[in-house]
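One structure below.
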Amino acid sequence: MQDKYNFREIEKKWQDVWADTNAFKVEEDPEKEKYYVLEMFPYPSGKLHMGHVRNYSIGDVIARFKKMNGYNVLHPMGYDAFGLPAENAAIKHNVEPAEWTWGNIAEMNRQLRELGLSYDWDREVATAHPKYYRWMQWIFIQFFKKGLAYKKESSVNWCPSCQTVLANEQVVDGCCERCGSPVGKKNLSQWYFKITDYAERLLDNLDKLEGWPTKVKTMQRNWIGKSHGAEVTFQIKDYDETLTVFTTRVDTIYGTTFMVLAPEYPSVLKMVEGTEYEADVKAYIDRCAHMNEIERTSTTNEKTGVFIGKYAINPFSGAEMPIYISDYVLMGYGTGAVMGVPAHDQRDFDFAKKFGIDIIPVIDVHDPDIDLNNLQEACAAEGTLINSAEFSGMDNKEAIQKIAEVAEERGIGKKTINYRLRDWLISRQRYWGTPIPMIHCDTCGWVPEKEENLPVLLPTDVEFTGKGESPIVTSKTFVDTVCPICGKPAKREVDTMDTFLDSSWYFLRYCDARNDEEVFSKEKADYWMNVDQYIGGVEHAIMHLMYARFFQMALHDLGLVKDEEPFKNLLTQGMVTKGYYNDKDEYIIAKMSKSLGNVVSPAEIIEKYGADTARMFILFAAPPERELEWSDRGVEGCYRFLNRIWRLVAEFIEKGNNVPGEYEIRNEADKKLAYLLNYAIKKVTEDIRDRFNFNTAISSVMELVNEMYKYKEGDVNHALYSTAVKTMIILLAPFVPHITEEIWENLGYGGSVHAQAWPSYDESALVKDEIEIVIQINGKNKEKINIPGELSRDEMLEIAKENDIIKGLIEGKNVVKMIAVPGRLINIVIKG
RNA sequence: GCGCCUGUGGUGGAAUUGGCAGACACGCUAGAUUUAGGUUCUAGUGCGAGAGCGUGGGGGUUCAAGUCCCUCCAGGCGCACCA
């Protein structure tokens with residue numbers, strides 16, 4: 001073996017071997033237990049970043065580990081290739097989105113291969129490829145046929161100067177990021193998916209996802225936002241229309257002193273038409289159009305609103321209440337109308353204070369600190385109803401039920417369940433996405449393209465001016481077509497799909513990526529699905545994961561897949577950050593980003609230290625769920641460790657005593673090495689398998705290596721030492737695949753280290769004859785003693801009482817209590 | 001603003017089930033080797049002179065709290081057209 005660790009040569013050599021032998025190709029094999037490990041596929045920006053390296057290193061360790069444990073491992077990779085950046089490149093640099101994207105994919109492919117990842121490249125997918133999006137369109141049509149897709153008016157961000165639709169991201173402080181002019185709203189007819197039909201199942205199934213982090217499930221629960229409440233209908237005085245509100249606190253209905261509608265509430269304009277209020281109301285609505293939801297619902301903002309000149313009648317008390325519009329009411333949640341109960345809701349309280357509206361307390365919370373008749377803030381606590389006619393004196397929880405029932409009897413309301421989750425708006429007025437395969441016929445309405453005509457190809461005769469509702473409109477060949485039903489001239493939908501759709505089923509396509517006959521074979525999907533381990537950034541905790549769950553459920557209902565849930569276990573990795581000095585010379589730790597200039601490129605690190613070092617550092621520096629701060633010093637430390645291993649093995653091979661196998665424990669040194677060897681096997685196995693704590697797995701191997709360095713200078717038991725070398729290389733193989741493969745070859749074992757069976761450990765080597773325990777007095781450490789490992793509590797206490805130091809400390813004191821925890825400590829509680 | 005999460009030596013982190021806080025690594029200090037430097041090896045390294053004190057701050061539960069409860073503070077992520 002060479003005496004220098006030449007990573008450049010080694011890594012290239014083995015990457016070529018793995019590619020030439022198609023080392024990670026897998027087929028369905030009913031004889032073997034399958035394991036599907038999946039990392040979230042990247043958007044092909046052109047350059048791999050450290051977040052990718054972290055994500056794929058984690059997945060690769062798991063994939064290689066499972067393979068060595070005998071599983072048939074599916075580990076695929078692909079590209080989420082549609083999206084806005086390609087289109088921006090087209091507008092800015094006059095390059096075709098397709099050309100830009102395929103170029104980036106080629107580059108990213110090269111970089112991924114340089115990392116030595118164990119992918120089955122035969123299953124690679126790219127969502128922008130017609131052979132992929134053809135099936136995306138097919139799925140859309142199935143959803144449409146099932147009634148899951150529908151069209152509805154909805155507003156988009158519109159830049160009046162660029163004459164184009166803007167993503168939320170392109171709106172900076174209410175202005176267009178490109179030209180800086182204030183952004184407005186524009187109503188368009190757009191496609192939606194009825195994800196709300198699945199709200200209850202999406203919520204209920206969360207309980208079954210035991211392999212998901214609690215925090216992700218909590219976030220999804222909150223996002224779905226199920227609340228039980230009631231709808232109540234209010235008459236409007238001298239006007240022929242009613243208002244229906246949703247409230248979770250119908251018990252407070254007697255405290256309602258005003259009504260508030262969302263500015264977008266459909267009939268507002270009609271209600272003020274021709275009245276003295278019209279101008280003010282219109283101006284207010286216009287102002288709200290420039291605000292986003294976060295600004296609108298902020299509870300720190302001073303409340304704003306406008307009276308619309310109408311009064312609603314409280315169906316319970318008969319009171320007349322002014323109707324306002326205000327931005328804190330959202331059209332998208334509930335009914336877009338709320339009853340204002342200032343005494344018991346803080347937002348309503350703020351609004352009432354601002355507009356001088358009465359505050360009527362209707363819940364007595366039995367708190368002496370609260371003066372109900374002079375409230376300083378809203379009081380949302382439970383209590384007893386007051387000022388509430390026949391309901392006064394009733395417990396408020398009971399009243400929620402009772403009042404809803406009475407409303408239902410009188411035909412003015414009912415109990416309802418409301419979700420915060422809204423239907424999924426999937427239309428995008430953009431070019432670089434899957435064309436929505438729908439055709440509009442004046443006679444037949446919206447009709448799907450015939451399935452045999454799929455894919456509806458993206459037109460290439462398109463101009464990227466950055467203007468207009470969708471660039472596809474500029475195509476001379478795309479729009480005009482004939483109706484698939486009646487054959488009359490018809491027009492194609494020019495909108496494309498949200499790229500979140502593409503990424504909502506790619507894990508299924510991987511199961512049968514080259515199928516041109518169907519979306520995927522059910523048999524193959526049934527074999528591989530569901531994904532045993534999904535790994536990706538925590539930023540996807542809600543949207544991507546919710547959409548993918550929805551797709552899987554809908555496809556399940558279509559009979560295409562057997563499970564309702566796609567991802568059995570989920571690992572959310574933290575971000576990769578790096579410190580930098582800002583303008584004020586303060587040290588800031590932030591996500592790596594170009595604009596901050598704190599980016600370390602993986603290519604740079606691979607060039608300098610190799611892929612093995614890069615992989616190892618990123619796994620060693622922090623557990624995967626946590627944020628990881630990049631440290632150049634830390635990288636050097638890992639590089640040093642790999643060199644240390646290289647030298648250790650080189651010397652070992654040089655000496656020529658490679659005789660692994662059964663060994664005897666002859667002395668303390670043997671025992672210590674055998675202990676650390678078996679401990680490392682146990683630790684690495686459990687840390688990978690049960691908790692993904694790669695950092696502690698690696699540190700246990702470091703401890704073993706440190707001991708081997710000491711051990712080899714003494715009286716060497718060759719069978720033991722050879723076993724330690726061999727095992728140590730196997731343990732490291734999932735983390736640093738190139739160096740271990742090269743060493744494996746040099747050790748002369750034959751085959752690939754990655755095809756070896758995972759080692760098991762000897763429990764008896766982990767038993768210590770003597771253990772150190774601490775003796776505490778009143779919880780403070782006072783003495784450490786060595787005792788045999790298997791002593792009972794009483795025996796431990798006897799020894800402690802005989803100890804000289806302890807004797808001295810408890811002499812003359814009143815011993816209240818003695819606690820012994822076998823294997824750990826003794827605590828003596830004394831008084832006086 | 002709302003929701004979720006995180007906070008431990010000079011630094012990244014360890015402590016998996018309430019039971020010795022600081023494993024492993026970086027950095028630093030001293031020594032050895034080589035000596036042009038680096039590399040490599042050995043020893044030391046939470047703070048404090050010490051009794052002791054120490055896991056963002058304050059309070060609580062417990063024989064015992066980094067871990068459980070309350071509260072405050074700081075930072076991060078998501079918020080529906082970025083992916």
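Residue N693(A) is the one, among E772(A) and N693(A), whose nearest nucleotide of RNA chain B lies closer to the 5' end (criterion: closest heavy atom).
Remark: C1' of rU42(B) and OH of Y709(A) are 14 Å apart, rounded to the nearest angstrom. Spacing between atom OH of Y5(A) and atom P of rU39(B) amounts to 18 Å, rounded to whole angstrom units. The interatomic distance linking K780(A) (NZ) with rA65(B) (C1') rounds to 12 Å, in whole Å. One can place NZ of K683(A) at 9 Å from P of rU16(B), the figure rounded to the nearest angstrom.
Residue contacts shown for L421(A) include a base, since a base heavy atom lies under 4.0 Å away. In this structure, Q429(A) reaches the bases: a heavy-atom distance under 4.0 Å links it to at least one base atom across the strands shown.
Ring orientation note: the planes of H544(A) and H540(A) are nearly perpendicular, at an angle over 60° on the 30°/60° scale. The aromatic rings of Y43(A) and W100(A) sit tilted relative to each other, their planes meeting at an angle between 30° and 60°.
Contact annotation: N706(A) reaches the phosphate of rA25(B) (side-chain N/O to OP1 or OP2, under 4.0 Å). Here N781(A) reaches the OP1 or OP2 of rA21(B): one of its side-chain N or O atoms lies under 4.0 Å away. At rC5(B), none of the side-chain N or O atoms of R626(A) fall inside 4.0 Å of OP1 or OP2 (strictly under the cut-off). The side chain of R422(A) contributes no N or O atom lying less than 4.0 Å from OP1 or OP2 of rA80(B). Within the 4.0 Å cut-off from OP1 or OP2 of rG52(B), at least one side-chain nitrogen or oxygen of K782(A) is found. For rC4(B), the OP1/OP2 oxygens have no side-chain nitrogen or oxygen of R221(A) closer than 4.0 Å. In this structure, N168(A) does not reach the rC82(B) phosphate: none of its side-chain N or O atoms is under 4.0 Å from OP1 or OP2. OP1 or OP2 of rC26(B) lies within a sub-4.0 Å distance of a side-chain N or O belonging to R640(A). Within the 4.0 Å cut-off from OP1 or OP2 of rC4(B), not a single side-chain nitrogen or oxygen of K215(A) is found. Taking 4.0 angstrom as the limit, R689(A) places none of its side-chain polar atoms (N or O) nearer than this to OP1 or OP2 of rU16(B). OP1 or OP2 of rA83(B) lies within a sub-4.0 Å distance of a side-chain N or O belonging to T499(A).
Comparing rC4(B) with rU71(B), their P atoms sit 13 Å apart, to the nearest whole Å. The P atoms of rA51(B) and rA43(B) are separated by 27 Å, rounded to the nearest whole Å. Nucleotides rC26(B) and rU16(B) place their P atoms 24 Å apart, quoted to the nearest Å. Between rG27(B) and rA65(B), the distance separating the two C1' atoms is 31 Å to the nearest Å. rG54(B) and rC47(B) have their C1' atoms separated by 7 Å, with the value rounded to a whole Å. Between the C1' atoms of rG46(B) and rG59(B), the separation comes to 26 Å (whole Å). Taking atom P on both rC69(B) and rG18(B), the two are 11 Å apart, rounded to the nearest angstrom. One C1' atom belongs to rG57(B), the other to rG75(B), and the distance between them is 15 Å to the nearest Å.
Proximity of the aromatic rings of F7(A) and Y609(A) is defined here by a centroid distance below 6.0 angstrom, and this criterion is not met. For W505(A) and F550(A), the ring centers are positioned 6.0 Å apart or more. Note: F41(A) and Y79(A) fail the aromatic proximity criterion, with ring centroids not under 6.0 Å apart.
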A correct dot-bracket answer for RNA chain B, with pairs being Watson-Crick or G-U at under 3.5 Å, [ ] for crossing pairs and | for inter-strand pairs, is (((((((..(((......[....)))((((((.......))))))((....))..(((((..]....))))))))))))....
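Here rG9(B) is in the syn range [glycosidic angle within 90° of 0].
In the set rG19(B), rC41(B), rC77(B), rC77(B) carries the atom at the smallest distance from any side-chain atom of E539(A). For F620(A), whose side chain is taken as the heavy atoms from C-beta onward, the closest listed nucleotide among rA83(B), rG19(B), rA25(B) is rA25(B). Set against rC79(B), rC24(B), rA83(B), the side chain of W223(A) has rC79(B) as its closest nucleotide. Of the candidates rC24(B), rG78(B), rC77(B), rC77(B) carries the atom nearest the M575(A) side chain, counting heavy atoms from C-beta on.
Stacking of K768(A) on the aromatic ring of Y675(A) is recorded, both the 6.0 Å distance cut-off and the 45° axial limit being met. Within the cation-pi definition used here (under 6.0 Å to the ring centroid, within 45° of the axis), R420(A) does not qualify as a partner of Y333(A).
Between the side chains of W424(A) and D498(A), at least one donor N or O lies within less than 3.5 Å of an accepting N or O.
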